[in-house]
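To start, the structure under review is shown below, and the notes come after it.
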Amino acid sequence: MARFSDQVVLVTGATGGFGRRTAERLAEDGATLVLSDVDEANLIDFAGSLSCQTAVLAGDIAEESLSERLVALAVERFGRLDIAINNAGIAQSYVKLASVPSEEARRIIDIDLMGVFFAMKHQLPQMERQRRATGRAGAIVNIASVAGVAGAPRLSVYAAAKHGVVGLTRSGAAEYAAKGIRVNAVCPSYARTNMVQDFVRMTGLGEDEAIEQLTRGVPMKRVAEVDEVVEVILFAADPKNSFMTGHTLSVDGGIAAL
C-alpha cells in the first residue's frame, strides 16, 4: 500500500517551492489532495497535472474565511481531513528592522503567522470531530523556518512571524496530543525556491555573491534542494510517524549544531 493511501491531505501554497513538490510527492504516494494558492488558473493547471483526486480553492491565506472554506471543501468532497500542510508564506525585504515598511511588516504577519493561526483554528476542530467519530488520528505540519528558532538579521519581521508559527505548533501539539492530533513544524534554512530568489533580488547583489552571503552561517556552505526539505515534511506528516508531536525539525545544513 502506498504511504499516503486513504489520506485526505490539504496543502496551502501548493503551486510553488515546497508546496508544489510536496503535493507531487503526496500524489505519487496515493494521497487525495485539497490544494490552495493565490493564483486560481495556475492552481487549476497544477491540480490537473497530478495523478490523484484533487479539489482546489484559490484565495488569500490572510483571510480567515479561506481556511474555513478549505476544511469545508475537504469534508464536502472527500468526507474528512486527515493531514494539513500549512505552507503558504511570503518573504520580506532584506533590510534592517527600522527600514522595513510598516505595511510590508503587517502583510508578512498576516500571511506568515495569522494565516497559520487561521488554518489551525479550523483544521483542529475537524480533526478532533473525526477522532471522536472514527478513531482516525490527524496531523498538521507547519512550515516555519530556521528564522523561527533563532535571530535572523535583516529578516526581523519574517523571523518574528516564524517564531510565532513555532509557538502555535508547540501549543497546539500540547493541547491536542491527547486527542490523537500531532502538530509539528519543519524549519528549513535557505532552499532553492522562488522565495530564495526573491531574497537574492532584494539584496541587490549578483546571485553567486548573494547566495554566498545568505549561506555564510551554514556549515554545509550551500542552500538546500527542495526535495531535501520535502523529505522531512513527508516524514512529519506520515501516519506511521505516530508518536512525534510538538517538534521543530530543522533542515538547515547544520546551523542548529552551532
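Keep in mind that the numbers below use all heavy atoms, side chains included, and drop hydrogens, waters and symmetry copies. Note that the numbering runs from 1 along the sequence shown for the chain.
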Is the shortest side-chain heavy-atom distance between Leu50 and Leu35 below 4.5 Å? yes

Check step by step if side chain to side chain contact (heavy atoms under 4.5 Å, CB included) holds for Cys52 and Thr32. CA-CA 6 Å; Cys52 68; Thr32 296; over 6 Å; no

CG/Leu113 to CG/Leu168 distance, rounded to the nearest 0.5 angstrom? 5.5 Å

Would you say that Phe235 contacts Met244 through its side chain, given a criterion of any heavy-atom pair below 4.5 Å between the two side chains? yes

Decide side chain to side chain contact (heavy atoms under 4.5 Å, CB included) for Arg170 and Thr248; before the verdict, give the C-alpha distance in whole Å, the side-chain angles of both, and the deciding distance to 0.1 Å. CA-CA 8 Å; Arg170 290 173 171 162; Thr248 54; 3.5 Å; yes

Check for me, please, whether Met114 and Val166 land in the same ILVMFWY cluster - side-chain distances under 4.5 Å, paths through other members count. no

Hydrophobic cluster identity match, Val230 and Leu33, side-chain contacts under 4.5 Å: yes

The single option from Val8, Val75, Thr134 passing side chain to side chain contact (heavy atoms under 4.5 Å, CB included) against Arg80: Val8

Please check if the side chain of Asp252 supplies one atom and the backbone of Pro188 the other of a donor-acceptor pair under 3.5 Å. no

Would Glu103 and Arg107 count as a salt bridge (Lys or Arg N to Asp or Glu O under 4.0 Å) here? Give the steps. CA-CA 6 Å; Glu103 289 184 4; Arg107 183 66 175 159; over 6 Å; no

Taking the side chain from Asp112 and the backbone from Ile90, do they hold a donor-acceptor pair closer than 3.5 Å? yes

Any link between Val116 and Phe118 through a network of hydrophobic side chains (Ile, Leu, Val, Met, Phe, Trp, Tyr) touching at under 4.5 Å? yes

Is there side-chain contact between Val34 and Leu81, with heavy atoms separated by less than 4.5 Å? no

Checking salt bridge (Lys or Arg N to Asp or Glu O under 4.0 Å) for the pair Arg25/Glu231: CA distance, chi angles, key distance, verdict? CA-CA 9 Å; Arg25 291 285 303 278; Glu231 285 294 340; 3.0 Å; yes

Within the 4.5 Å heavy-atom criterion, are Arg182 and Asn241 side-chain neighbours or not? yes

Side chain to side chain, Val183 and Met120, heavy atoms closer than 4.5 Å: yes

Do Ile211 and Val218 sit in the same hydrophobic cluster, where Ile, Leu, Val, Met, Phe, Trp and Tyr count as joined when their side-chain heavy atoms come under 4.5 Å apart? no

Do you know the tightest heavy-atom contact between Ser36 and Leu66? OG-CD2, 3.8 Å

Separation between CG of Asp29 and OG1 of Thr22, rounded to the nearest 0.5 Å: 11.5 Å

Nearest heavy-atom pair of Ala88 and Ile61: which atoms, and what distance? CB-CG2, 4.0 Å

Distance, nearest 0.5 Å, that separates OH of Tyr190 from OG of Ser145: 7.5 Å

Any Ile181 side-chain heavy atom under 4.5 Å of Arg131 side chain: no

Side-chain heavy-atom pair Phe117, Glu64 within 4.5 angstrom cut-off: no

For the residue pair Tyr158 and Ala91, what are the closest heavy atoms and their distance? CD1-CA, 4.4 Å

Does any N or O in the side chain of Asn87 come within less than 3.5 Å of the main-chain N or O of Gly13, such that one atom is a donor and the other an acceptor? yes

If a pair satisfies salt bridge (charged side-chain N to carboxylate O under 4.0 Å, His left out) and one of its residues is in residues 211-222, list it, with sequence neighbours excluded. Arg222-Glu228

Between Pro153 and Tyr94, the two heavy atoms sitting closest are O-CE1, 4.3 Å

Test your reading of the model: is there a side-chain donor-acceptor pair from Asp37 to the backbone of Ala14, 3.5 Å cut-off? yes

Please round to the nearest 0.5 Å and tell me the distance separating atom CG of Leu155 and atom CD of Gln92. 5.0 Å

Paired with Gln126, the side-chain hydrogen bond (donor to acceptor under 3.5 Å, both in side chains) test is passed by just one of His122, Gln123, Gln130, namely Gln130

Considering all heavy atoms, the nearest Val157-Ala105 contact: CG1-O, 3.7 Å

Any side-chain to backbone donor/acceptor pair from Arg69 onto Gly59? Under 3.5 Å, distance only. no

So, Asn142 side chain and Ala144 main chain: donor-acceptor pair closer than 3.5 Å or not? no

Under 3.5 Å, side chain of Asp82 to main-chain N/O of Val9, donor-acceptor pair present? no

Could you check whether any side-chain N or O of His247 sits under 3.5 Å from a backbone N or O of Ala185, counting only pairs where one atom can act as donor and the other as acceptor? no

Any side-chain heavy-atom pair from Pro219 and Ile255 closer than 4.5 angstrom? yes

Measuring from atom CG of Leu73 to atom CD of Glu68, what distance do you get when rounded to the nearest 0.5 angstrom? 12.5 Å

CA sep, side-chain torsions, deciding dist, call: Glu175, Leu124, side chain to side chain contact (heavy atoms under 4.5 Å, CB included): CA-CA 10 Å; Glu175 291 174 1; Leu124 286 164; 5.8 Å; no

Would a hydrophobic clustering, with Ile, Leu, Val, Met, Phe, Trp and Tyr connected at side-chain separations under 4.5 Å, put Val56 with Phe18? yes

Check whether Thr245 reaches the backbone of Ala173 with its side chain - one donor and one acceptor, N or O, closer than 3.5 Å. no

Looking at CG of Leu43 and CG of Leu57, how far apart are the two atoms once the value is rounded to the nearest 0.5 Å? 8.0 Å

Any idea which heavy atoms bring Ala237 and Ile85 closest together, and the distance? CB-CD1, 4.0 Å

Under 3.5 Å, side chain of Arg154 to main-chain N/O of Val95, donor-acceptor pair present? no

Given the rule in the side chain to side chain contact (heavy atoms under 4.5 Å, CB included) test, do Ile140 and Met127 qualify, once you have shown the distances and angles that lead to the verdict? CA-CA 10 Å; Ile140 294 174; Met127 291 179 178; 3.9 Å; yes

